[in-house]
There are 4 protein chains.
Amino acid sequence: MARTSDPNAKVDLLRAAEAVFVERGLDHAKVEEITARAGKSKGAFYLHFESKEDAFRQIVETTLARLAACLDGGEAMQVAAVAEGPALLEALLDHDVEVFEFLWQNRALIRLLGGGGGSASFSYLVEEFAERCRGAVRRTIAWSAERGIVRPGLDVDLVSRILSGAYDQVARHVVRAQRKPDLRRLLGEVQHLFMHGIGGPAVRESDRPVRNASKTVVGRGRGGARTERRARPRKKEPARS
Amino acid sequence: MARTSDPNAKVDLLRAAEAVFVERGLDHAKVEEITARAGKSKGAFYLHFESKEDAFRQIVETTLARLAACLDGGEAMQVAAVAEGPALLEALLDHDVEVFEFLWQNRALIRLLGGGGGSASFSYLVEEFAERCRGAVRRTIAWSAERGIVRPGLDVDLVSRILSGAYDQVARHVVRAQRKPDLRRLLGEVQHLFMHGIGGPAVRESDRPVRNASKTVVGRGRGGARTERRARPRKKEPARS
Amino acid sequence: MARTSDPNAKVDLLRAAEAVFVERGLDHAKVEEITARAGKSKGAFYLHFESKEDAFRQIVETTLARLAACLDGGEAMQVAAVAEGPALLEALLDHDVEVFEFLWQNRALIRLLGGGGGSASFSYLVEEFAERCRGAVRRTIAWSAERGIVRPGLDVDLVSRILSGAYDQVARHVVRAQRKPDLRRLLGEVQHLFMHGIGGPAVRESDRPVRNASKTVVGRGRGGARTERRARPRKKEPARS
Amino acid sequence: MARTSDPNAKVDLLRAAEAVFVERGLDHAKVEEITARAGKSKGAFYLHFESKEDAFRQIVETTLARLAACLDGGEAMQVAAVAEGPALLEALLDHDVEVFEFLWQNRALIRLLGGGGGSASFSYLVEEFAERCRGAVRRTIAWSAERGIVRPGLDVDLVSRILSGAYDQVARHVVRAQRKPDLRRLLGEVQHLFMHGIGGPAVRESDRPVRNASKTVVGRGRGGARTERRARPRKKEPARS
DNA sequence: TATGAATGAGCGTTCATTCAT
DNA sequence: CATGAATGAACGCTCATTCAT
């Protein structure tokens, strides 16, 4: 990494590149604009990056790596098994807030990633990361099930997907907000909604154990009957998001 | 009369264009590749489209319009107020299945849109559509609240966002699947999860009305106390997804 | 020539083509615009013309031919030797007026030709025509010299060039005028100016026979002395005209 | 510092561009041919010019500017009022020679301009310049009238037009000549012709003051009668030339 | 090492011309 | 014949990357 005489050069370029990528997307970003903003020469750019794409990849990977580290803090916490019941929920919430703080700090870039990176060429990076996130969510759910925090018998795969999507959407909202939202309150509500559902009286009585999905099921999967699903779907926003 | 115009020409071009856009993204798609696949000349392309971007826009707009029509079917149903309680949930599920069938049919393009359209220039189209979907979800929730299907006192804005995100994620999953999933079962589970939450015994006792958000609240908003949220958040997948 | 079913087709096309050529110049004129204005199909265009250039050439050549015919009327008159002295001048003036009437009638196209035809490819046509005109002027001068109307000893080549240029300029002026000028008066003045020069008292006394050009000289070319020219040049407008 | 910029690059490109424009006209000139002749890359062209049209404009404007400067030298001389009578004519001639020397030096480009610039798009530039020239001629005539060099009562507007046209024609001749003509002799003759007219004995007796045009008239405009013009017009070269 | 002038492959678009109907 | 959809060669311009200084 840059044993260059100007140790700031690469940082300046990365900053400028991020700004330009965010504004124009990878394909429409011009190396010249990046170097101009960084106050560097075009040559300097190629001294630090193999290509424009390389710079983009470095930025994205770095950010995703930091985000991943941030996320992993949660799993570490789980291992430490710090608390139980309500206190545990609070601990999980703390972690969520931490992650969303990170998102807020890096909102410009996160926003870009949310849009596919501005080029078809790198969406795979984002996809991969999303997959990784789902994995983390899945583990947390499984772990939570063991501690009685989440209902047994859930289709972990599906639940993790749904949770990921919901948080993803909240993240997109936060990342686009003009002013910083009250993250703790926001995430707290999300948590509560998921824990208790949104079902009203007309539905509540029909409460029943969920069904035996063919997918991995948490807990003893003793999930009784329920042949006809009844649940209570919602309209959704399937495309894009 | 002139050489009778090939009535399939535009359709062929649209098909080929869609395929190439899906594979390469708008910016990296070459007009020549599109026309070659369609078995047409480059000139033919400009006989039907103003520009490459125009073709892309036509494809996206058409698809989004059809999707929107599909979604609106749900609202029409609501107006008809066909059923109550569980039967109503079933009706909503029917509609969800219908929408997801459409997504499955158009999965290649939906996949592209999910990635931001492969170019930074058109993500706004998708954003707008997502916003529109959230609006539909919000209306459905409000309507459902009136019928006792969803709990009163919910922060509609937040809930709609979460629901949208969850369904979005499910949609992305479906759209990428190798084999067609059992949509009814899948969506039924999602519905059930949302209606009942995922909370386990360790959390259930803490059941309590949600709080008075500053946002629109469904029902009489009688939402009592609950100052400290507790809920039970989850890991999230913030970037992209 | 068009044994086409629609005998007006070619005429319509020529008219439209002329209009478009005048507005845009040969290179920027689009065949489609021509046919659209003529209310004909593109195929019809190629039924009557080999190519866009061919249409242009036909138009130019036709016009130049008619103009040439118009000019030749003057030479015919000379052969007829209708008059002498002042009456002869009047006869020449009549002819000039006739030619300029033609120019006025066809001013749009003449204007185009004056600008090089709007393409480098056909300026040769105009050049050739200009040359031809100079030839006619030269013959008229020679003939006039024999009849004592123009001073003997003139460098016919040069004089014809100057006269051509002057009339050319007047023609450009007429062709661009908003309202039709009084051609007879205008041309009469030009004639008078040339016959008598513009020299004032300070110059008049220095009147002297012109010099012995190496070029063809009218009359006995007895052009005595005049070694040092003195004349009285003018500023000139060399480029373009 | 970067590869030291080739100080000749732009000059080389301009030279090559001029040559190609002269040969093909603006519209048919290919950037690639220009760069090939200049021994530069296509990119180099766009390093110095915004577009092909820009290069053309630069060339034309530069040349016209230099030509204008050359022409203005004459007016400066007038202000200095260096001489009188025949000596004045000689001074004017000197200036004409100077201008025509310039034309000869830049004959290729002047030739192009004479043809309308090879495209309809820029003829306005040439038109404007021609107009400017006519203005200079007009001023010189008015000035000359005051000094008794040109006859009073002339229609300055018309005379300036005629003179411009004549010199324009001579310029076109010079610019196309294979070998450099004897400019001083040539221009001297033109001057002489204009000062004394070409009228012969059969016309001379009818000498009379010109008439009072509605246009600006030099001197006291005491121009008596002369209702019937008589003068002695010439055939002309109306189109283009 | 840093610079930025130079390079040239690449691509979108135009439009004269053809030809099936 | 007449039509106008289809064709595809041609060309202007961009911009990532190189490399002489």
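In this text the structure is predicted, and so the values were computed from the model without any measurement.
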(request) Mind calculating the distance between CZ (A:R24) and C1' (F:dT14) to the nearest angstrom? (result) 15 Å

(message) Assuming nearest nucleotide by heavy-atom distance, tell me which of A:E32 and C:G39 is located more 5' along DNA chain F.
(response) C:G39

(request) For C:G43 and for B:L47, locate the closest nucleotide of DNA chain F by heavy-atom distance; then report the residue assigned to the nucleotide nearer the 5' terminus. (result) C:G43

(message) Can you measure D:D27 atom CG to E:dA16 atom C1' for me and round it to whole angstrom units?
(response) 15 Å

(request) Take the protein atom OH of C:Y46 and the nucleotide atom P of F:dG4, then report the distance between them rounded to whole Å. (result) 16 Å

(request) Give A:S51 one of three labels, base, sugar-phosphate or nothing, depending on what nucleic acid heavy atoms sit under 4.0 Å from its own. (result) sugar-phosphate

(message) Using only atom types and a distance under 3.5 Å, with no angle test, would you say the side chain of D:S41 pairs donor to acceptor with the backbone of D:A44?
(response) yes

(message) Please compare B:H28 and D:K40 by the position of their nearest nucleotide in DNA chain E and report the one closer to 5'.
(response) D:K40

(message) Closer than 3.5 angstrom, by distance alone: can the side chain of A:R172 be matched with the main-chain N or O of A:G114 as a donor-acceptor pair?
(response) yes

(message) In this structure, how many angstroms lie between the C1' atom of F:dC13 and the NE2 atom of D:H48, rounded?
(response) 16 Å

(message) Need the pair for F:dA20. Rule: Watson-Crick or G-U wobble, both distances under 3.5 Å, any strand; none if unpaired.
(response) E:dT3

(request) Step by step, work out the salt bridge (Lys or Arg N to Asp or Glu O under 4.0 Å) result for B:D6 and B:K40. (result) CA-CA 11 Å; B:D6 179 351; B:K40 300 289 168 191; 2.7 Å; yes

(request) Please confirm whether the backbone N or O of D:A16 pairs with a side-chain atom of D:R37, one donor and one acceptor, at under 3.5 Å? (result) no

(message) Using Watson-Crick or G-U wobble geometry with both distances under 3.5 Å, which nucleotide pairs with E:dG8?
(response) F:dC15

(message) Expressed as a whole number of angstroms, how long is the span from B:F45:CZ to E:dC11:P?
(response) 15 Å

(message) What is the distance, to the nearest angstrom, from the NZ atom on D:K30 to the P atom on F:dC11?
(response) 4 Å

(request) Remember a base hit wins even if backbone is also touched, and classify D:A29 as base, sugar-phosphate or nothing at under 4.0 Å, heavy atoms. (result) sugar-phosphate

(request) Please confirm whether any donor atom in the side chain of B:K42 sits under 3.5 Å from an acceptor in the base of F:dT7, or the reverse. (result) no

(message) Counting the atoms with a prime plus P, OP1 and OP2 as sugar-phosphate, which does B:A55 contact under 4.0 Å by heavy atoms, base, sugar-phosphate, or nothing?
(response) nothing

(request) Output yes when a side-chain donor or acceptor of A:K42 lies under 3.5 Å from a complementary backbone atom of A:T35, and no otherwise. (result) no

(message) Just the rounded figure in Å: distance from C1' of E:dT21 to CG of B:D6.
(response) 13 Å

(request) Check every atom of F:dT7, E:dA6, E:dT13 against the side chain of B:A44 and return the nucleotide holding the closest atom. (result) F:dT7

(request) Find the distance D:F49:CZ to E:dA6:C1' and express it as a whole number of Å. (result) 15 Å

